[in-house]
> 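Submitted below is the structure of interest, expressed as C-alpha cells.
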Amino acid sequence: MTAPELTAADWIARAATITPSDELFIDGRSRPAASGRTFADIAGRDGSLIAQVAEGDAADVDGAVTAARRAFDDGRWSNRKPAERKRVLLRLADLIRDHVDELALLESLDAGKPIRDTLAVDVPSAATTFQWYAETIDKVYGEVGPTGPDALSLVTREPIGVVAAIVPWNYPLIISAWKLGAALSTGNAVVLKPASQTPLSAIRLAELAVEAGLPAGVLNVVTGPGAVVGSALARHPGVDKVSFTGSTPVGLSLMRDIGETDVKAITLELGGKSPQVVLSDCGDLEAAASAIGWGIFYNGGQTCNAGSRLIVHRSVRQELVERIAALGRELQPGEPLDPATRLGAMVDGSHLEKVLGYVRLGVGEGATVIAGGERVMAETGGFYVPPTILDGVDNGWRVAREEIFGPVLTVTEFEDEADALAIANDTHFGLAAGIWTRDVTKAHRMARAMRAGVVWVNTFDTADITVPFGGFKQSGFGRDKGLHALDGYTQLKTTWFDLTER
Ligand code: NAD
C-alpha cells in the first residue's frame with residue numbers, strides 16, 4: 001500500500017533491508033541459473049550492490065521456452081473462458097497496486113528513478129495497463145466475411161503462441177506491462193527478458209502474476225546478459241514471436257538472429273532523437289519552456305521519445321533557451337529515495353560515461369554548454385548528470401544525430417518553416433516529434449509532414465494506454481499500447497464452411 005508520508009530516511013532504511021527475489025522464474029517457480037552463476041545488480045543512486053541476480057544462459061532459455069510451449073500448447077491459459085482470463089489479469093492489476101511501495105522501491109533502486117515518480121507514475125501505470133488489457137479480453141470480436149450465400153467464412157483472431165518479450169532498463173515495469181498486458185490478454189505464453197541493469201521488478205511481477213491465478217508456465221522470466229539470453233530467445237525454434245524494446249543496433253542484431261534461424265514474427269520499438277520544433281508564433285513561451293524542459297530532463301533524459309533536439313525560430317530562441325536553462329538549473333539531481341527529488345541518477349557508471357562523452361564530443365564539434373555538462377554528486381558513489389544544454393548545434397553533428405539518452409538538449413536555430421521541417425525530418429529515427437505554434441493550419445500541415453510515429457502539438461510526452469506508441473524509420477515497426485497492440489500478438493485465421501445443398 002502507498003505510504004506517501006515516508007521520508008527519505010525511511011526509504012533508505014527500507015532499501016538497506018530489502019531482500020529482492022533474484023532468481024529466474026520458470027514454470028511457476030523460482031530457480032537459480034543452470035550454471036549456478038550470478039551477476040551483480042548495482043544501484044544507480046550510490047553504486048552499491050542491490051542483489052546478485054541469476055545469470056541465465058541458453059540452457060535456461062531452453063527450460064523457459066519449453067515450459068511456455070507446454071503451457072501454450074495444452075491450452076491452460078489460451079482456452080480458458082475470456083471472462084476467467086479477465087479476472088486473473090484484473091487481480092494482477094490489483095496486486096500491483098497493493099504492492100506499490102515494494103515495486104516502486106525496486107524500480108527506484110534498479111533504475112535510479114525518483115521514488116516520487118515510481119510511486120506516482122511507473123507502478124500505477126503498469127497496473128492501469130493490465131486492467132485496460134484485461135477489460136479488452138471479452139470485447140474483441142471476430143468477423144464473418146461477406147463471401148455470399150453459399151459459404152460462411154469466419155475470421156478469428158488467435159494468439160501467436162510463445163512470445164519472447166525483451167525489454168530495456170529505462171521504464172522496466174511500464175514497458176513489461178505494455179507487452180505482457182497485450183500478450184497475455186490475447187492468450188499467449190511469454191518468456192520475459194529484462195535488462196541486466198533492472199531485473200528485479202520483472203521477477204516480482206511474475207511472482208505476483210502466479211499469485212493472481214496465472215497458470216504456471218504462462219509467464220517466465222530469464223535474467224542474464226542480452227547477447228546470450230536475448231539472442232538465444234530469438235534463435236529458439238519454440239519461440240513464435242519476439243517483441244523487443246531497446247536500441248536500434250540490438251534490434252538489427254535480433255533481426256539477424258531470426259533471419260539466420262527460422263521464420264518468426266518480430267516487432268521493434270527502438271531509439272529516438274525526437275525534434276521539438278518551435279515556430280515564431282508559439283505563444284506562451286513559459287509553458288513551452290516547461291514542457292520542452294521536462295520533455296528532455298524527465299527520467300534523466302533516459303526516455304526513448306525524449307525531445308532531445310530543440311529546433312527553434314530565431315525570433316524566440318534566446319528567450320526560450322534562457323527559460324529552459326532556468327528550469328534546468330532549478331531541477332538539480334538528488335537522492336532518488338528522497339520524495340522531494342525530481343531528477344534521479346543515470347542507470348549505471350558506463351551510461352554516465354557515455355552521456356558525458358557526448359557532452360565532450362558536442363563541445364569538440366563546436367557547441368556551447370549553457371547549462372550543466374559535468375558530473376555532480378560524485379561523492380555519493382552514484383551517477384548523476386544535471387540538465388545540460390548544448391547551444392549552437394548543427395543538425396549534421398553527431399550530438400544531433402545519435403541518441404545520447406541523457407538529460408542533454410541540443411539547440412539548432414532556423415529562419416523559415418520549410419527549413420524547420422527539413423531539419424526535424426533529417427534523422428534516421430522517427431519515434432516522436434513536437435510542434436509549437438498557435439496557428440492551427442501550420443500545426444496540421446507540419447504534423448502531417450513529420451516522419452514520426454507520435455506527434456505532439458503544443459504539448460509533449462502526454463500519453464494514455466488507449467492510443468498506440470511506436471516509431472517510423474529506424475525507430476522500429478509495430479506498436480505497443482492501445483487496441484492496435486493486439487495485432488502484434490494475434491494472427492488471423494479464416495475458416496470456410498460450404499453451405500451449398502448437396
Ligand atoms: P539495449 O538495446 O541495450 O537493451 C535492450 C534489451 O535487449 C535488454 O534486455 C538487453 O539485455 C537486451 N539485449 C542486449 N543485447 C542484446 C543482443 N545482442 N541480443 C538480444 N538482446 C539483447 O537497450 P537499453 O540500453 O536497455 O535501453 C535503451 C534503448 O531502448 C534506447 O535506445 C531507447 O531509445 C530504447 N527504448 C525504446 C522505446 C520505444 O518504445 N521505442 C522505449 C524505451 C526504450
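Note that ligands are numbered from 1 as they come in the structure, with each ligand's atoms numbered from 1 the same way.
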> What residue and heavy atom of the protein are closest to atom 41 (N) of ligand 1, and at what distance?
Leu270 O, 2.7 Å
> Does Asp27 pair with Arg70 as a salt bridge, N-O distance under 4.0 Å?
yes
> Testing the basics here: between Ala234 and Leu254, what is the closest heavy-atom pair and its distance to 0.1 Å?
CB-CD2, 3.6 Å
> Hydrogens and angles aside, do Thr186 and Tyr133 bring a side-chain donor and acceptor to less than 3.5 Å of each other?
no
> Restricting to pairs with a member in residues 172-203, which pass ring-ring contact (aromatic ring centres under 6.0 Å, His included), not counting sequence neighbours?
Trp178-Phe469
> Which residue owns the protein heavy atom closest to atom 2 (O) of ligand 1, what's the atom, and how far is it?
Ser247 OG, 2.6 Å
> Output yes when the distance from some N or O of ligand 1 to some N or O of Val167 is under 3.5 Å, and no in every other case.
yes
> Check this for me, if you would: do Lys481 and Asp464 make a salt bridge, where the nitrogen-to-carboxylate-oxygen distance has to be below 4.0 angstrom?
no
> For Thr245, is at least one N or O under 3.5 Å away from an N or O on ligand 1?
no
> Is it true that Tyr171 lies under 4.0 Å from ligand 1, counting heavy atoms only?
no
> For atom 32 (O) of ligand 1, which protein heavy atom lies nearest, and how many Å away is it?
Glu403 OE1, 2.6 Å
> Find all atoms of ligand 1 within a distance of less than 4.0 Å from any non-hydrogen atom belonging to Ala195, and give their numbers and elements.
8 (C), 9 (O)
> Considering only the protein, which heavy-atom contact is closest to atom 7 (O) of ligand 1, and what is its distance?
Phe244 CE1, 3.3 Å
> Please could you name the atoms of ligand 1 that Leu431 approaches to less than 4.0 Å, counting only its heavy atoms?
41 (N)
> Determine whether the side chain, the backbone, both or neither of Asp480 has a heavy atom under 4.0 Å from any heavy atom of ligand 1.
neither
> Is the shortest distance from a Lys or Arg side-chain nitrogen in Asp426 or Lys273 to a carboxylate oxygen in the other one below 4.0 Å?
no
> Between Trp169 and ligand 1, is there a nitrogen or oxygen pair with a distance under 3.5 Å?
yes
> What's the spacing between Glu260 CD and Arg235 CZ if we round to 0.5 Å?
4.5 Å
> Only pairs at least two apart or in different chains count here, so list each ring-ring contact (aromatic ring centres under 6.0 Å, His included) that has a residue in residues 238-267.
none
> Relative to ligand 1, is Ser253 under 4.0 angstrom through side chain, backbone, both or neither, heavy atoms considered?
side chain
> Distance under 4.0 Å to a non-hydrogen atom of Glu269: what atoms of ligand 1 satisfy this?
37 (C), 38 (C), 39 (C), 40 (O), 41 (N)
> As an exercise, state the distance from CD of Gln131 to CD1 of Ile96, rounded to the nearest 0.5 Å.
10.5 Å
> Against heavy atoms of Ser231, which atoms of ligand 1 measure under 4.0 Å?
19 (N), 20 (C)
> Would Thr380 and Arg45 count as a side chain to side chain contact (heavy atoms under 4.5 Å, CB included) if you check the C-alpha gap in whole Å, the side-chain angles of each, and the deciding distance to 0.1 Å?
CA-CA 8 Å; Thr380 61; Arg45 60 181 271 271; over 6 Å; no
> Which heavy atom of the protein is the closest neighbour of atom 13 (N) of ligand 1, given with residue, atom name and distance?
Gly226 CA, 3.4 Å
> Provide, to 0.1 Å, the distance between atom 18 (N) of ligand 1 and the closest protein heavy atom, together with that atom's residue and name.
Ala227 CA, 3.6 Å
> Going by distance alone, is a donor N or O of one side chain under 3.5 Å from an acceptor N or O of the other, for Lys241 and Thr267?
yes
> Answer with yes or no whether the side chains of Ser243 and Lys179 bring together a donor and an acceptor at under 3.5 Å.
yes
> Taking atom types as modelled, find out whether Glu107 and Thr118 have a side-chain donor-acceptor pair closer than 3.5 angstrom.
no
> Just to check, does Ser475 reach to within less than 4.0 Å of ligand 1 when the distance is taken from its heavy atoms?
no
> Under 4.0 Å from any heavy atom of Lys193, which atoms of ligand 1 are there?
9 (O), 11 (O)
> For ligand 1, which part of Asn170 has a heavy atom less than 4.0 Å away: the side chain, the backbone, both, or neither?
side chain
> Within ligand 1, which atoms have a heavy atom of Cys304 less than 4.0 Å away?
33 (C), 34 (O), 36 (N), 37 (C), 38 (C), 39 (C), 40 (O), 42 (C), 43 (C), 44 (C)
> I need the atoms of ligand 1 closer than 4.0 Å to a non-hydrogen atom of Ile166, numbered in the order shown.
6 (C), 7 (O), 9 (O), 12 (C)
> Show which atoms of ligand 1 fall inside a sub-4.0 Å distance from at least one heavy-atom site of Gly230.
20 (C), 21 (N)
> How far is atom 15 (N) of ligand 1 from its nearest protein heavy atom, and which residue and atom name does that atom have?
Val250 CG2, 3.6 Å
> To the nearest 0.1 Å, how far is atom 27 (O) of ligand 1 from its closest protein heavy atom, and which atom is that?
Pro168 CB, 3.2 Å
> Looking at His428, I want to see if its NE2 is surrounded by more than 12 non-hydrogen atoms of other residues, nucleotides or ligands under 6.0 Å.
yes
> In the complex you have, is atom 4 (O) of ligand 1 within reach of the protein, judged by whether a heavy-atom distance drops under 4.0 Å?
no
> Any atom of ligand 1 sitting under 4.0 Å from a heavy atom of Pro194?
yes
> For Leu192 and Val167: C-alpha separation, side-chain torsions, deciding distance, then whether side chain to side chain contact (heavy atoms under 4.5 Å, CB included) applies.
CA-CA 8 Å; Leu192 174 63; Val167 297; 4.1 Å; yes
